[in-house]
Amino acid sequence: MSLITLLRKLRGQADPVAVGAMLLSIMSLLVAIRSCAISDDALNETRLQYRQDRQLVLTGSFKEPGPLHCEDWSVKPIAEGFQYQQGRAFLPTLIDSAPVKIESSGWVHFLHSACAAISRFSEERMTPKEPGFVSVGEGDIPLILESSYAVKGEAYTDSSLYLLHGITAVPHSGEGPTTVTFTGLSFVQRLPVDTEANIASLDKLFNSDSLRKYTKPKQLHKANEDPKS
């Protein structure tokens with residue numbers, strides 16, 4: 001029996017005062033239900049805002065290439081009020097299986113094994129066959145950044161997928177060092193705190209065709225020629 005049918009029957013059989021009181025009770029119930037729904041929506045929005053206000057997103061800061069021909073770079077939170085504590089960077093294991101330490105200042109220890117590994121990886125796939133030429137390629141390297149940080153008086157951990165954008169110049173064998181230039185860092189998505197599973201997903205992503213453009217020469221230039229000309 002619908003609510004309207006019930007009201008019609010009551011109107012014909014019951015005392016008008018009783019019917020009016022029942023109608024008021026029903027309206028109050030409907031208003032209460034609606035208020036609960038609005039309260040739930042507001043609570044969910046508050047919870048979402050609470051999480052968003054405490055979620056870490058990093059950006060990269062890059063300097064000129066150093067003696068090892070690989071840039072010195074660091075990370076820092078985009079939003080104000082975040083205190084970075086420490087972290088680790090994970091490259092695809094095809095490049096380097098060892099994690100890279102990130103200091104509390106955000107400085108990434110990239111000037112050693114990881115840098116050399118990127119250079120070797122590029123040389124294996126990009127070295128030009130003709131003497132006097134340099135192979136220049138650009139693309140993205142996916143990496144995982146695991147971070148510990150503090151915000152609003154509380155400590156948190158984060159594991160997220162980023163893309164490291166870069167340009168690599170590889171000369172013909174024996175004609176000079178490989179130069180790696182990082183140009184940017186982009187946030188992709190947040191990950192569960194499961195290092196082993198995340199690394200497996202990272203390797204799968206890097207092995208897909210969509211991100212292997214980093215290994216393919218974009219242009220060939222003579223060694224004494226400006227690539228931008």
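Just so you know, residue 1 is the first one in the sequence shown, and it goes up from there.
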What heavy-atom pair brings [X] and [Y] nearest, and what distance separates the two atoms?
{"X": "Gly166", "Y": "Thr183", "value": "N-OG1, 3.9 Å"}
{"X": "Tyr149", "Y": "Thr157", "value": "CE2-C, 4.1 Å"}
{"X": "Pro92", "Y": "Leu202", "value": "N-CD2, 3.7 Å"}
{"X": "Leu191", "Y": "Ser160", "value": "CD1-C, 4.0 Å"}
{"X": "His172", "Y": "Lys129", "value": "CE1-O, 3.2 Å"}
{"X": "Tyr162", "Y": "Leu58", "value": "OH-N, 2.9 Å"}

Stepwise, does the side chain to side chain contact (heavy atoms under 4.5 Å, CB included) test hold for Trp107 with Ile102?
CA-CA 6 Å; Trp107 181 61; Ile102 305 176; over 6 Å; no
For Ser147, what residues pass the side chain to side chain donor-acceptor pair (under 3.5 Å) criterion, not counting sequence neighbours?
Tyr84
For the [atom1] atom of [X] and the [atom2] atom of [Y], what is their distance to the nearest 0.5 Å?
{"X": "Phe206", "Y": "Leu94", "atom1": "CZ", "atom2": "CG", "value": "6.0 Å"}
{"X": "Ser159", "Y": "Arg190", "atom1": "OG", "atom2": "CZ", "value": "10.0 Å"}
{"X": "Leu145", "Y": "Phe187", "atom1": "CG", "atom2": "CZ", "value": "10.0 Å"}
{"X": "Thr181", "Y": "Glu138", "atom1": "OG1", "atom2": "CD", "value": "11.0 Å"}
{"X": "Ile118", "Y": "Asp96", "atom1": "CD1", "atom2": "CG", "value": "8.5 Å"}
{"X": "Met126", "Y": "Ser135", "atom1": "CE", "atom2": "OG", "value": "4.0 Å"}

Please examine the side chains of [Y] and [X], heavy atoms only from C-beta on, and report whether any two atoms are closer than 4.5 Å.
{"X": "Asp158", "Y": "Gln55", "result": "no"}
{"X": "Tyr156", "Y": "Val151", "result": "yes"}
{"X": "Thr168", "Y": "Arg125", "result": "no"}
{"X": "Pro171", "Y": "Thr178", "result": "yes"}
{"X": "Thr93", "Y": "Ile95", "result": "no"}
{"X": "Ser105", "Y": "Ser74", "result": "no"}
{"X": "Leu56", "Y": "Phe82", "result": "yes"}
{"X": "Pro142", "Y": "Leu205", "result": "yes"}

Strictly by modelled atom types, are Thr195 and Glu146 linked by a side-chain donor-acceptor pair under 3.5 Å?
yes
Consider only side-chain N and O atoms of His165 and Ser186, and report whether a donor and an acceptor are under 3.5 Å apart.
yes
Please step through side chain to side chain contact (heavy atoms under 4.5 Å, CB included) for the pair Thr59 and Leu185, ending with a clear verdict.
CA-CA 6 Å; Thr59 185; Leu185 182 71; 5.7 Å; no
Test of understanding: clusters of I, L, V, M, F, W, Y form through side-chain heavy atoms closer than 4.5 Å, transitively. Do Val57 and Leu164 belong to the same one?
yes
Within 45° of the six-membered ring axis of Phe90 and under 6.0 Å from that ring's centre, is NZ or CZ of Arg88 located there?
no
Would Glu103 and His109 satisfy side chain to side chain contact (heavy atoms under 4.5 Å, CB included), going step by step from the backbone distance to the final call?
CA-CA 8 Å; Glu103 299 283 0; His109 288 235; 2.8 Å; yes
Main-chain N/O of Ile144 paired with Asn198 side-chain donor or acceptor, under 3.5 Å
no
Between Glu175 and Gly132, is there a donor-acceptor pair closer than 3.5 Å when you use the side chain of the first and the backbone of the second?
yes
Mind telling me whether Phe62 and Phe182 have parallel, tilted or perpendicular rings, with 30° and 60° as the class edges?
tilted
